Visitor: 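Quick one: the structure is below, questions incoming.
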Amino acid sequence: MRVYQCEDSLEGIFTAIYNAYEDKSSRQDTMISLTEELYLFGEYVPVTVDVTKAVKVMNTLHRRFGEEDYMKVCLALASRDEQKAQAIYQTVALGLASCCGKGHLLDNLADDYVNKVFFLSRAANNELCHLRGFIRFSELENGILYSSIGPKNNILTFLMPHFADRMPRENFMIYDEGRDLFGVHPAGKEWYLLQDEEIRLRPETFRYSEEEMQYRELFRHFCHKIAIKERKNLELQRNLLPLRFREYMIEFR
């Protein structure tokens with residue numbers, strides 16, 4: 001068994017997939033691992049991120065399987081599951097070997113690896129769809145719109161284009177608390193990711209404006225007033241709005 005050990009990132013996993021093909025490793029005897037777990041009789045190959053190799057894999061996935069399947073693979077990569085790298089490698093290898101057409105990479109759900117990629121992708125996409133609707137922005141003293149989130153999956157990269165497209169003239173930030181990761185969008189410019197713990201530790205950076213605090217109270221009051229007591233259905237509410245999102249929503253604070 002040849003074990004390619006790489007970092008938990010799109011670039012790292014795609015580099016490992018490229019190296020496995022470059023080494024002409026057998027699909028049945030190849031594993032891509034994100035951990036340092038030891039396997040009996042394993043041959044360990046450390047993988048250093050190579051953006052050029054990762055881009056080549058990205059282009060191949062686009063060309064062979066189409067944009068839709070490529071995005072599904074990327075969403076699966078956003079999962080926290082430690083077995084995702086192996087599942088994606090085996091799924092891609094199977095798709096290339098069987099010459100499946102565009103949009104059909106995840107058709108063979110009877111295969112355990114394909115099945116896993118499908119469900120990881122769907123879980124990440126469901127969370128992404130939730131956050132597109134549940135995110136609440138607040139105005140800071142410096143005029144920047146700020147929001148914090150705590151997603152299970154690493155989906156900030158997929159979330160930023162959605163709001164950049166709808167608020168192109170706004171300065172805004174989205175902060176992923178679990179990963180200390182900021183999505184930053186300067187008004188009229190391209191958005192980017194920033195990982196800087198020092199920013200989070202400076203409380204003066206995240207002081208809300210007085211007008212923001214007034215509107216928060218008005219919004220909370222509005223949400224409570226429009227509620228119809230006789231039609232309250234907490235079970236249905238939990239199904240439509242999971243509890244874990246509420247701590248980041250103004251109307252539930």
Side-chain angles (χ1 to χ4, degrees), residues 68 71-72 74-81 84 103 106 109 115-185 187 191 193 200 203 205-253:
E68 183 180 350
M71 288 304 298
K72 289 178 180 178
C74 290
L75 281 167
L77 283 169
S79 169
R80 297 184 300 179
D81 195 300
K84 64 184 178 182
L106 303 181
L109 294 179
N115 189 280
K116 189 176 189 67
V117 172
F118 175 82
F119 281 101
L120 290 179
S121 175
R122 188 172 67 173
N125 188 60
N126 287 343
E127 186 172 47
L128 177 62
C129 291
H130 276 115
L131 284 174
R132 284 172 178 164
F134 297 154
I135 274 189
R136 301 290 185 262
F137 285 96
S138 300
E139 184 184 61
L140 303 179
E141 285 183 341
N142 54 16
I144 294 175
L145 299 179
Y146 171 77
S147 177
S148 59
I149 58 176
K152 293 180 180 179
N153 302 287
N154 188 9
I155 56 175
L156 185 56
T157 305
F158 303 94
L159 199 59
M160 286 298 294
H162 175 82
F163 290 101
D165 180 59
R166 285 153 181 77
M167 303 189 297
R169 298 300 173 188
E170 299 290 346
N171 292 306
F172 69 84
M173 290 194 308
I174 301 176
Y175 174 52
D176 185 338
E177 292 185 347
R179 298 169 180 82
D180 268 336
L181 189 63
F182 289 87
V184 182
H185 179 270
W191 63 271
L193 296 179
R200 180 178 60 81
T205 308
F206 304 106
R207 288 178 183 158
Y208 299 118
S209 65
E210 292 184 11
E211 189 175 16
E212 167 64 27
M213 300 308 294
Q214 293 173 6
Y215 274 105
R216 279 189 170 203
E217 189 56 39
L218 285 172
F219 186 54
R220 280 194 291 261
H221 183 72
F222 169 76
C223 289
H224 286 292
K225 284 298 181 182
I226 64 170
I228 301 174
K229 183 179 180 180
E230 289 74 17
R231 295 187 178 180
K232 182 182 268 187
N233 187 337
L234 295 180
E235 184 176 351
L236 177 61
Q237 190 182 68
R238 283 194 295 270
N239 289 336
L240 299 175
L241 177 56
L243 295 175
R244 64 190 179 89
F245 292 109
R246 299 187 190 186
E247 63 178 294
Y248 302 100
M249 301 176 68
I250 296 166
E251 59 267 43
F252 286 98
R253 290 178 181 173

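For the single chain, residues carry numbers from 1 onward in sequence order. On a predicted model such as this, the values are computed, not experimentally measured, just so you know.
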Visitor: Can you tell me how far apart CD (E251) and CZ (R216) are? Round to the nearest 0.5 Å.
Guide: 10.5 Å

Visitor: State the CE-CG distance between M160 and L193, to the nearest 0.5 angstrom.
Guide: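 One finds 7.0 Å between CE of M160 and CG of L193.
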
Visitor: I want to check something: taking the side chain as every heavy atom from C-beta on, are I149 and I155 in contact at a cut-off of under 4.5 Å?
Guide: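 Not in contact.
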
Visitor: Using a distance-only test with no angle check, is there a side-chain donor-acceptor pair under 3.5 angstrom linking R220 and H224?
Guide: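 No - no donor-acceptor pair under 3.5 Å links their side chains.
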
Visitor: Please determine which of R179, R244, H130 meets the side-chain contact (heavy atoms from CB on, under 4.5 Å) test together with P151.
Guide: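 So, applying the side-chain contact (heavy atoms from CB on, under 4.5 Å) to P151 and each of R179, R244, H130, only R179 qualifies.
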
Visitor: Can you tell me if R231 has over 12 outside heavy atoms packed within less than 6.0 Å of its CZ?
Guide: no

Visitor: Any chance NE2 of H221 has more than 12 other-residue heavy atoms, nucleotides or ligands included, within less than 6.0 Å?
Guide: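 Not buried by this count: 12 neighbours or fewer within 6.0 Å.
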
Visitor: Is there side-chain contact between R246 and Q237, with at least one heavy-atom pair below 4.5 Å?
Guide: yes

Visitor: If you compare all heavy atoms of E141 against all heavy atoms of Y208, which two are closest, and at what distance to 0.1 Å?
Guide: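 In terms of heavy atoms, the two residues are closest at CG-O, 3.6 Å.
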
Visitor: Evaluate the criterion side-chain contact (heavy atoms from CB on, under 4.5 Å) for residue pair D176 and L159; output intermediate values, then yes/no.
Guide: CA-CA 11 Å; D176 185 338; L159 199 59; over 6 Å; no

Visitor: Assess, by modelled atom type and distance only, whether the side chains of E139 and Y215 contain a donor and an acceptor separated by less than 3.5 Å.
Guide: no

Visitor: Locate the shortest heavy-atom distance separating F158 from A78; write the atom from each residue and the value.
Guide: CE1-CB, 4.1 Å

Visitor: What's the spacing between M173 CE and S138 OG if we round to 0.5 Å?
Guide: 11.5 Å

Visitor: Rounded to the nearest 0.5 Å, how far does CD of E235 lie from CG of L240?
Guide: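 The CG atom of L240 sits 11.0 Å away from the CD atom of E235.
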
Visitor: Just checking F222: does its CZ atom have more than 12 heavy atoms from other residues, nucleotides or ligands closer to it than 6.0 angstrom?
Guide: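 Count not over threshold, so no.
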
Visitor: Please give me the minimum heavy-atom distance between L77 and K84, naming the atom from each residue.
Guide: O-NZ, 2.6 Å

Visitor: Angle between ring planes, H185 versus F172, binned at 30° and 60°: parallel, tilted or perpendicular?
Guide: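 Judged by the thresholds at 30° and 60°, the geometry between H185 and F172 is parallel.
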
Visitor: Mind telling me whether Y175 and Y146 have parallel, tilted or perpendicular rings, with 30° and 60° as the class edges?
Guide: parallel

Visitor: Are any non-hydrogen side-chain atoms of F163 and W191 less than 4.5 angstrom apart?
Guide: no

Visitor: Side-chain contact test, heavy atoms from C-beta onward, threshold under 4.5 Å: evaluate it for I174 versus F137 and give yes or no.
Guide: yes

Visitor: Side chain of E170, backbone of L145: donor and acceptor closer than 3.5 Å?
Guide: no

Visitor: Within a strict 4.5 Å, meaning less than it, do heavy atoms of the L131 and H162 side chains meet?
Guide: no

Visitor: N142 versus N171: any side-chain heavy-atom pair under 4.5 Å?
Guide: no

Visitor: Check whether R136 reaches the backbone of F134 with its side chain - one donor and one acceptor, N or O, closer than 3.5 Å.
Guide: yes

Visitor: Can you find a heavy atom in the side chain of K116 that is under 4.5 Å from one in the side chain of D81?
Guide: yes

Visitor: Side chains of R238 and L243: does their closest heavy-atom pair fall under 4.5 Å?
Guide: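 Contact flag for R238/L243 side chains = yes.
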
Visitor: Which distance, rounded to the nearest 0.5 Å, do you find between the OG1 of T157 and the CG of L75?
Guide: 10.5 Å

Visitor: Let me confirm one number: the CG-CG distance from L156 to L128, rounded to the nearest 0.5 Å.
Guide: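 The CG atom of L128 is 10.5 Å from CG of L156, to the nearest 0.5 Å.
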
